[in-house]
Number of protein chains: 2
Amino acid sequence: MKLAPNDLERVATLFRAFSEPTRLAIIQEMKDGEKSVSEIVEALTTTQANVSKQLRLLYETGILTRRKEGTSVLYAIGDPMVFELCRLVCDKLNRDLAKPKRLKF
Amino acid sequence: MKLAPNDLERVATLFRAFSEPTRLAIIQEMKDGEKSVSEIVEALTTTQANVSKQLRLLYETGILTRRKEGTSVLYAIGDPMVFELCRLVCDKLNRDLAKPKRLKF
DNA sequence: CGCAAGTATAACTATGTGGTTATTTGGTTA
DNA sequence: TAACCAAATAACCACATAGTTATACTTGCG
């Protein structure tokens, strides 16, 4: 059964959320639980504005949850499938690395 | 354990390969086995040049295999993790759709 | 109230890339 | 060899978006 163009778009959008190192780094920061924006900013090497922007994207894609606490905002991974996804991809990359590289020639 | 920037880049690159509807459609065409370039072109609504370009990207990302047969080139999904990935994402989107939409107000 | 801290948004630039048309390469057959 | 097909590449344009700087919003507190 093939997906309609509309659904392909939705699938693509979800994958796209994972297609930037900065966003992956943000996700990685939250793997042991929720983190505030400023905690994430401290851990990374980019600006607060950029972190906010990427968090917004991840939130709107349905990957993260968000709650306010005082003046802070705590983000967390909202679906365990995120871990599965990352595991699958990492496993594949490890398999590829393990493969003996075919010599050219 | 956190991934090094280099590894984040590699993970991102893999996810990026799945982040375009056209490439997902191409992958979908091959879910029951290998397909020639022209078969894929026929099934989609884009040009042969574009299909070739996207196939190249998918091949170089390690997602597809390739073999020549006469004047044709047959591509196939090279790693079953592709199916797992797509299943995970589709399942999530279905779960999200099933959720009662919270009213705004 | 006024100030400070945490977060979000706006405006902008630079870069990457999806898609197109036109051309080329490579293999097959007459 | 020439003609023909499949596939790949080149050159180009248009658009999306990651990241930046500057500014606005929001909440807590003196």
Side-chain angles (χ1 to χ4, degrees), chain A residues 5-6 8-30 34-76 78 104, chain B residues 3 5-6 8-30 34-61 63-76 78 104:
Chain A
N6 215 341
L8 288 178
E9 194 72 56
R10 286 165 47 82
V11 173
T13 297
L14 228 181
F15 277 122
R16 194 175 300 118
F18 294 94
S19 75
E20 283 295 324
T22 299
R23 284 195 290 270
L24 292 175
I26 288 176
I27 289 171
Q28 209 174 202
E29 287 303 318
M30 300 186 295
E34 54 184 10
K35 285 270 161 63
S36 72
V37 176
S38 42
E39 281 175 316
I40 297 170
V41 171
E42 275 179 58
L44 305 191
T45 59
T46 183
T47 60
Q48 178 266 320
N50 193 30
V51 169
S52 266
K53 188 173 170 178
Q54 307 307 330
L55 282 171
R56 182 180 208 270
L57 188 152
L58 290 169
Y59 174 70
E60 289 180 343
T61 316
I63 294 169
L64 301 182
T65 61
R66 176 161 71 175
R67 74 184 179 90
K68 292 196 172 182
E69 192 168 84
T71 88
S72 289
V73 177
L74 302 178
Y75 286 85
K104 300 212 171 174
Chain B
L3 295 185
N6 214 342
L8 287 178
E9 194 72 56
R10 287 164 46 81
V11 173
T13 297
L14 228 181
F15 277 122
R16 193 174 301 120
F18 295 93
S19 74
E20 284 294 326
T22 300
R23 283 196 291 271
L24 292 175
I26 289 176
I27 290 171
Q28 212 174 199
E29 287 303 317
M30 299 187 295
E34 54 183 10
K35 285 269 161 65
S36 71
V37 176
S38 40
E39 282 176 316
I40 297 170
V41 171
E42 275 178 60
L44 305 191
T45 59
T46 183
T47 60
Q48 178 266 319
N50 192 31
V51 170
S52 266
K53 189 172 170 179
Q54 306 308 331
L55 281 171
R56 182 182 209 270
L57 188 152
L58 290 169
Y59 174 72
E60 288 179 344
T61 316
I63 293 170
L64 301 183
T65 61
R66 176 162 71 174
R67 75 183 179 90
K68 293 196 173 182
E69 194 168 84
T71 90
S72 290
V73 178
L74 302 177
Y75 285 86
K104 299 212 170 176

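A note on names: the letters A, B, ... follow the listed sequences, proteins ahead of strands, and every chain is numbered from 1. Just so you know, these numbers use all the heavy atoms, side chains as well, and skip hydrogens, waters and symmetry mates.
Residues meeting the side chain to side chain donor-acceptor pair (under 3.5 Å) test with T47(B), sequence neighbours left out: none. Applying the side chain to side chain donor-acceptor pair (under 3.5 Å) criterion to S38(B), with sequence neighbours excluded, gives S36(B). Residues passing the side chain to side chain donor-acceptor pair (under 3.5 Å) test with Q54(A) are R23(A), N50(A), sequence neighbours excluded. Scored by the salt bridge (Lys or Arg N to Asp or Glu O under 4.0 Å) test, E34(A) finds R67(A) as partners (sequence neighbours excluded). Residues that satisfy the side chain to side chain contact (heavy atoms under 4.5 Å, CB included) test with A17(A), not counting sequence neighbours, are L57(A), L58(A), T61(A), I63(A). With sequence neighbours excluded, the residues that form a side chain to side chain contact (heavy atoms under 4.5 Å, CB included) with Q48(A) are V41(A), S52(A). In this structure, the side chain to side chain contact (heavy atoms under 4.5 Å, CB included) partners of R66(A), at least two apart in sequence or on a different chain, are Y59(A), V73(A), Y75(A). For the salt bridge (Lys or Arg N to Asp or Glu O under 4.0 Å) test, residues two or more places apart in sequence or in another chain that qualify with R16(A) are E20(B).
Whole-Å rounding puts the R67(B) CZ to dA6(D) P distance at 17 Å.
Of the possible donor and acceptor atoms, none in the side chain of E29(A) sits under 3.5 Å from a partner among the backbone N and O of K35(A).
Of the two residues near DNA chain D, R16(A) and S38(B), the one whose nearest nucleotide lies more 5' is S38(B).
For the segment residues 39-55 of chain A, residues with any heavy atom less than 4.0 angstrom from an atom of DNA chain C are, sorted by number, Q48(A), A49(A), S52(A).
Contact annotation: S36(B) does not reach the phosphate of dA6(D) (side-chain N/O to OP1 or OP2, under 4.0 Å). For the OP1/OP2 pair of dA18(D) and a distance below 4.0 Å, the side-chain nitrogens and oxygens of R23(A) include at least one atom meeting the criterion. In this structure, S72(B) reaches the dA7(D) phosphate: one of its side-chain N or O atoms is under 4.0 Å from OP1 or OP2.
For residues 37-61 of chain A, every residue pair satisfying the salt bridge (charged side-chain N to carboxylate O under 4.0 Å, His left out) rule, not counting sequence neighbours, is listed here: R56(A)-E60(A).
Nearest heavy atoms, L8(A) versus L24(B): O-CD1, 3.5 Å.
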Contact list (N/O, under 3.5 angstrom) for nucleotides 25-30 of chain D vs protein:
none

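Taking a heavy-atom distance under 4.0 Å as the criterion, the stretch of DNA chain C touched by chain A extends 5' to 3' from dG6(C) to dT9(C).
Across all strands shown, Y75(B) has heavy atoms under 4.0 Å from sugar-phosphate atoms exclusively, and none from any base.
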